[in-house]
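Reviewing the structure listed below.
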Amino acid sequence: MRILAIETSCDETALALVEASGGLKKPKFKVLKNIVSSQIAVHRPFGGVVPNLAKREHLKNLPILFEKIFGVKIDVVAVTVGPGLEPALWTGVNFAKEIHKEYFPKTPIIGANHLEGHLYSFLLAKNHSNVLKNIRMIYPAVHLVASGGHTILILMKSLTNWRKLGETRDDAVGEVFDKVARMLGLSYPGGPEVERLAGVGNPDAIVFPRPMMSTKDYDFSFSGLKTSVLYHLRDNPKARKQNVAASFQKAAIDTLVVKTLRAAKEFKAKSIMLSGGVASNRTLRKELKVISRKLSVNFFAAAKKFNTDNAVMIAVAAYIQRLRNKKRPLRAQANLNL
Ligand code: KG4
Ligand code: ZN
């Protein structure tokens, strides 16, 4: 099944062409095209994403990206319908409807969930196809979705049977990386900048709080950590920024890792999975890899380019959705959840 996928939920205009096969038992994906047009330069002067600017850029970029795959035969059109910024989502949905009508009227069109895209991105992890030879080795899995809008811990009993164990009660972890970046005077997008600065700092220089780290549930809270960084910078104007970045990063990651580890033990997970934009953070990946090795379980995380927003993951989610015959209305749903 050749899937053309479109993603415009936030500040990346993305289009992908993916060949999917194998069904629900052994899903396999061949990425034929993965195009991402980033709007970083447009939003940078504002320190964050401006929804109407995002919309304008998507409108401008979509036809340019589409030209790059023009003339290709496809079996399914997929587009992100949510969650995300409403004006941004609508540009993708409307564009998908237009090209569908004009060029592929006989093929099905699928409204995909951006969060399912992140969730199923583990299927793109390099080691996944090796382990797939024995599917019993994969589930149950404990999966951490950490993005700019969400922080969710999930128990996957199979590819299609999963439930939320917990999620953030306030800010998403990526959002806090972005806010701390701004406090440190780093440019947008903040996550990678904080990681870069943390790389030359001392993570033990400052002990920031780890809210909810030892609560019995699987929920998270990051707004207290964010406030502590703010107060620390206010009270220590000469603080070394690299130490603040490193200590903040350590506090944020500790909480994520401790709860993921506890869930993996409690549910006797055979795999730990990581996805979402924050999954491109090397320290987080490394720590989850280390605990996976200690527990003798698999660790799955796709390459960076499939964790930050992209359309390949949307094609993957659409494939699973199509196999399950799940339908979703073709309109922007800003608050769609998992
Ligand atoms: O999944 P994503 O691209 O968009 C959403 O669906 O939200 O995630 C973007 C988030 C941003 O908050 C960004 O700062 C964060 O992921 N992020 C990172 C890193 N790269 C991106 N956070 C920490 N370290 C990184 N290297
Ligand atoms: Zn995302």
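Below, all heavy atoms of this structure are taken into account, side chains as well, without hydrogens, waters or symmetry copies.
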* **Hphob cluster co-occupancy, M137 + L295, side-chain heavy atoms under 4.5 angstrom** => no
* To do: Run the salt-bridge test on E98 and K101 with the 4.0 Å N-O cut-off and return the result as yes or no.
  => no
* Answer yes or no: are there more than 12 heavy-atom neighbours, outside K265 itself, under 6.0 Å from its atom NZ? => no
* Asked: Looking only at side chains, do S223 and D171 share a donor and an acceptor under 3.5 Å apart?
  -> no
* When you look at CG of N335, are more than 12 heavy atoms from neighbouring residues, nucleotides or ligands closer to it than 6.0 Å? -> no
* Checking ring pair (Phe, Tyr, Trp, His ring centres under 6.0 Å) for the pair Y120/Y319: CA distance, chi angles, key distance, verdict? -> CA-CA 10 Å; Y120 288 130; Y319 181 60; over 10 Å; no
* Asked: Any donor-acceptor pair under 3.5 Å linking the side chain of H58 with the backbone of C10?
  -> yes
* Do I74 and Y103 have side-chain heavy atoms sitting under 4.5 Å apart? -> no
* With under 30° as parallel and over 60° as perpendicular, where do the rings of F66 and F104 fit, or are they tilted in between? -> perpendicular
* To do: To the nearest 0.5 Å, tell me how far R169 CZ sits from T215 OG1.
  => 6.5 Å
* Side-chain H-bond candidate by donor/acceptor type, S37 with Q39, under 3.5 Å -> no
* State, to 0.1 Å, how close R285 and A279 come at their nearest heavy-atom pair, and which atoms those are. => NH1-O, 2.9 Å
* Structure fact -> Here the pair of heavy atoms bringing P189 nearest to R44 is CD-NH2, 4.2 Å
* Asked: Do the rings of F222 and F220 sit parallel, tilted or perpendicular, given the 30° and 60° boundaries?
  -> parallel
* Below 4.5 Å, heavy atoms only, C-beta onward: do L336 and L115 meet side chain to side chain? -> no
* Asked: Do I320 and L24 have side-chain heavy atoms sitting under 4.5 Å apart?
  -> yes
* To do: Check I6 against L62 and note the closest heavy-atom contact, atom names and distance.
  => CG2-CD2, 3.8 Å
* To do: Side-chain contact test, heavy atoms from C-beta onward, threshold under 4.5 Å: evaluate it for I291 versus F299 and give yes or no.
  => no
* Structure fact -> Nearest heavy-atom approach of E175 to A172 is OE1-N, 3.0 Å
* Judged by modelled atom types alone, do Q321 and R328 share a side-chain donor-acceptor pair under 3.5 Å? -> yes
* Minimum side-chain heavy-atom gap R2-V72 below 4.5 Å -> yes
* Asked: Does the side chain of H114 come within less than 4.5 Å of H118's, by heavy atoms?
  -> yes
* Structure fact -> In terms of heavy-atom contacts, Q242 and L197 come closest through CB-O, 3.5 Å
* Please examine the side chains of N281 and Q249, heavy atoms only from C-beta on, and report whether any two atoms are closer than 4.5 Å. => yes
* Do the numbers put R234 on top of the ring of Y231, so that NZ or CZ is under 6.0 Å from the six-membered ring centre and no more than 45° off the axis? -> yes
* Asked: What are the two closest heavy atoms between M212 and K259, and how far apart are they?
  -> O-NZ, 2.7 Å
* Go through the steps to decide whether V76 and T107 satisfy the test side-chain contact (heavy atoms from CB on, under 4.5 Å), and finish with yes or no. => CA-CA 5 Å; V76 171; T107 64; 5.8 Å; no
* Look at atom NZ of K55 and say whether more than 12 heavy atoms of other residues, nucleotides or ligands are closer to it than 6.0 Å. => no
* To do: Report yes if some heavy atom in the side chain of L144 is under 4.5 Å from a heavy atom in the side chain of L274; otherwise report no.
  => yes
* Side chains of N337 and H150, donor plus acceptor under 3.5 Å -> no
